Protein chains: 2
Amino acid sequence: MSGEGQYYAAKEMLAEAGLHCTEPRLAVLSVLLAAERPLSKKQISERLDERINKVTIYRILAAFCEAQIVHKAFTQGRAAYYEPGHNCGAVQCHPHFTCTSCGDTHCFLGKTLPLVKAEAGFVIQRQQVRLEGLCPDCV
Amino acid sequence: MSGEGQYYAAKEMLAEAGLHCTEPRLAVLSVLLAAERPLSKKQISERLDERINKVTIYRILAAFCEAQIVHKAFTQGRAAYYEPGHNCGAVQCHPHFTCTSCGDTHCFLGKTLPLVKAEAGFVIQRQQVRLEGLCPDCV
DNA sequence: AAAATAATTGCAACTAAGTTGCATTTTTGT
DNA sequence: ACAAAAATGCAACTTAGTTGCAATTATTTT
Ligand SMILES: [Mn+2]
Ligand SMILES: [Mn+2]
Ligand SMILES: [Zn+2]
Ligand SMILES: [Zn+2]
């Protein structure tokens with residue numbers, strides 16, 4: 001299976017997050033951990049060995065976000081993309097670059113911008129930086 | 001009508017952009033110009049005096065984006081939000097703040113961040129900064 | 001000004017992402 | 001092994017957006 005190497009890491013993460021350890025949850029988390037970029041529900045499904053009902057996948061992702069082990073990195077088109085929360089600070093993770101030609105997304109680790117200074121009266125809880133352009137393959 | 005004061009400005013913008021000047025286009029652009037924040041198709045419809053078919057609204061927005069007089073500022077939930085391109089540089093406009101409590105969006109004009117330095121081989125064409133948190137009414 | 005041409009609009013039907021209610025199955029604790 | 005609680009699956013639904021095509025409106029040509 002695609003997320004094979006991440007299977008035991010996933011098991012530990014679920015336990016630590018206080019989430020029941022079920023097959024579908026292990027499978028989804030393994031896929032996310034094995035991916036080098038945020039994935040949509042569709043992409044997750046494609047990487048699963050045994051099919052999991054889409055409602056279940058959405059509920060698993062919601063539970064992961066609730067437990068803070070995963071977060072919505074961005075939405076592209078009309079789909080949300082999810083990634084594990086490691087590499088990510090409380091207020092922002094790294095910028096995400098999406099190629100306008102091939103559609104591929106890359107995590108720009110280490111390119112994090114400073115935080116916007118909030119206007120008077122506002123409290124900023126999350127900051128998200130999205131980039132669009134051409135990737136090396138498409139330039 | 002809501003966008004009344006913007007009606008003649010809209011007329012000029014269409015002419016300058018080389019777009020045919022039709023009633024639906026004038027109406028949609030007037031609404032966008034009168035708004036102080038990006039609007040979804042739904043919000044645009046609600047502010048129109050005479051109803052315009054939704055397909056037409058989407059096509060008008062696509063034409064405006066193509067002509068660069070409007071751009072997609074961000075997507076929230078599963079809907080895209082559009083705003084006129086004034087106040088906006090070629091690569092990025094200002095950050096957009098959305099309140100997690102009331103859902104309102106505010107343009108943080110004057111709070112623009114520096115551009116991410118592209119990783120080797122990448123060409124960045126657009127940068128977008130999204131903020132989430134609590135607005136003054138909801139703190 | 002009328003006709004021809006090109007662009008825009010509207011309608012119906014469709015797609016894709018995500019959600020809700022409820023019955024069934026799986027986990028967990030005893 | 002057994003009961004209670006939680007998670008899963010299915011069907012049906014909602015919402016945002018898209019596509020094909022016919023009808024309308026704007027522009028150009030005669
Ligand atoms: Mn990432
Ligand atoms: Mn804005
Ligand atoms: Zn590319
Ligand atoms: Zn608010």
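Atoms considered below: every heavy atom in the structure, side chains included; atoms not considered: hydrogens, waters and symmetry mates. What you see is a predicted model, and the numbers here were worked out from it, not measured in a lab. We name chains A, B, ... by the order of the sequence lines, and we start the count at 1 in each one.
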Check your understanding: If you look at every heavy atom in Gly77(A) and Thr75(B), which pair is closest and at what distance?
Key -> O-CG2, 4.5 Å
Check your understanding: Can you tell me how far P of dG9(D) sits from CZ of Arg51(A), to the nearest Å?
Key -> 8 Å
Point to revise | Close approaches to DNA chain D from residues 61-83 of chain B, in residue order (heavy atom, under 4.0 Å) | key: Arg78(B), Ala79(B), Ala80(B)
Please list, for nucleotides 4-8 of chain D, all pairs of protein and nucleotide N/O atoms separated by less than 3.5 Å.
unit_1: dA6(D); atom_1: O3'; unit_2: His20(A); atom_2: ND1; d: 3.4
unit_1: dA7(D); atom_1: OP1; unit_2: Arg25(A); atom_2: NH1; d: 3.0
unit_1: dA7(D); atom_1: OP1; unit_2: Arg25(A); atom_2: NH2; d: 2.9
unit_1: dT8(D); atom_1: OP1; unit_2: Thr22(A); atom_2: OG1; d: 2.6

Exercise for review: Round to the nearest Å and state the distance from Glu50(B) atom CD to dT25(D) atom P.
Suggested key: 13 Å
Check your understanding: Between atom CG in Leu26(B) and atom P in dT25(D), what is the gap in whole Å?
Key -> 16 Å
Review point. With sequence neighbours excluded, what pairs up with His96(B) under the ring pair (Phe, Tyr, Trp, His ring centres under 6.0 Å) test?
Key: Phe74(B), His94(B)
**Study point:** Five-pair end axes of the helix from dA1(C)-dT30(D) to dT30(C)-dA1(D), angle between them (10°)
**Key:** 30°
Which atom pairs, donor and acceptor, lie under 3.5 Å between side-chain atoms of residues 65-72 of chain A and protein residues at least two apart or in another chain?
unit_1: His71(A); atom_1: NE2; unit_2: Glu83(A); atom_2: OE2; d: 3.4

Revision key, fill the gap. Between Ile52(A) and Ile57(A), the two heavy atoms sitting closest are O-CD1, 3.6 Å
Exercise for review: For Tyr58(B) and dG20(D), give me the distance from atom OH to atom C1', rounded to whole Å.
Suggested key: 18 Å
Practice item. Check the surroundings of atom CD in Glu36(A): do more than 12 heavy atoms from other residues, nucleotides or ligands lie under 6.0 Å from it? Key: yes
Revision key, fill the gap. Nearest heavy-atom contact between Thr105(B) and Pro38(B) is CG2-CD, 4.3 Å
Exercise for review: Return the minimal non-hydrogen interatomic distance between Leu39(B) and Gln43(B), and the atom names on each side.
Suggested key: CA-OE1, 3.1 Å
All N/O donor-acceptor pairs, side-chain side in residues 127-134 of chain A, below 3.5 Å, sequence neighbours left out:
unit_1: Gln127(A); atom_1: OE1; unit_2: Val116(A); atom_2: N; d: 2.8
unit_1: Gln127(A); atom_1: NE2; unit_2: Gln92(A); atom_2: OE1; d: 3.3
unit_1: Gln127(A); atom_1: NE2; unit_2: Pro114(A); atom_2: O; d: 3.1
unit_1: Arg130(A); atom_1: NH1; unit_2: Thr98(A); atom_2: OG1; d: 3.0

Exercise for review: Could you list who else is in Val55(B)'s hydrophobic cluster, with ILVMFWY side chains joined at under 4.5 Å, directly or through other members?
Suggested key: none
**Study point:** Listed once per pair and sorted, the ring-ring contact (aromatic ring centres under 6.0 Å, His included) pairs that draw on residues 19-54 of chain A, sequence neighbours left out
**Key:** none
Point to revise | Where at least one partner belongs to residues 21-52 of chain A, residue pairs that pass ring-ring contact (aromatic ring centres under 6.0 Å, His included), sequence neighbours excluded | key: none
Point to revise | chain B contact limits on DNA chain C, taken 5' to 3' with a cut-off of 4.0 angstrom to heavy atoms | key: dA7(C) to dG18(C)
Review point. Is there any ring-ring contact (aromatic ring centres under 6.0 Å, His included) pair reaching into residues 28-69 of chain B, and which pairs are they, with sequence neighbours excluded?
Key: none
**Study point:** Pairs satisfying ring-ring contact (aromatic ring centres under 6.0 Å, His included), at least one member in residues 105-136 of chain A, at least two apart
**Key:** Phe97(A)-Phe108(A), His106(A)-Phe122(B), Phe108(A)-Phe122(B), Phe122(A)-Phe97(B), Phe122(A)-His106(B), Phe122(A)-Phe108(B)
Practice item. Tell me what Cys21(A) touches on the nucleic acid: a base, only sugar-phosphate, or nothing, going by heavy atoms under 4.0 Å. Key: sugar-phosphate
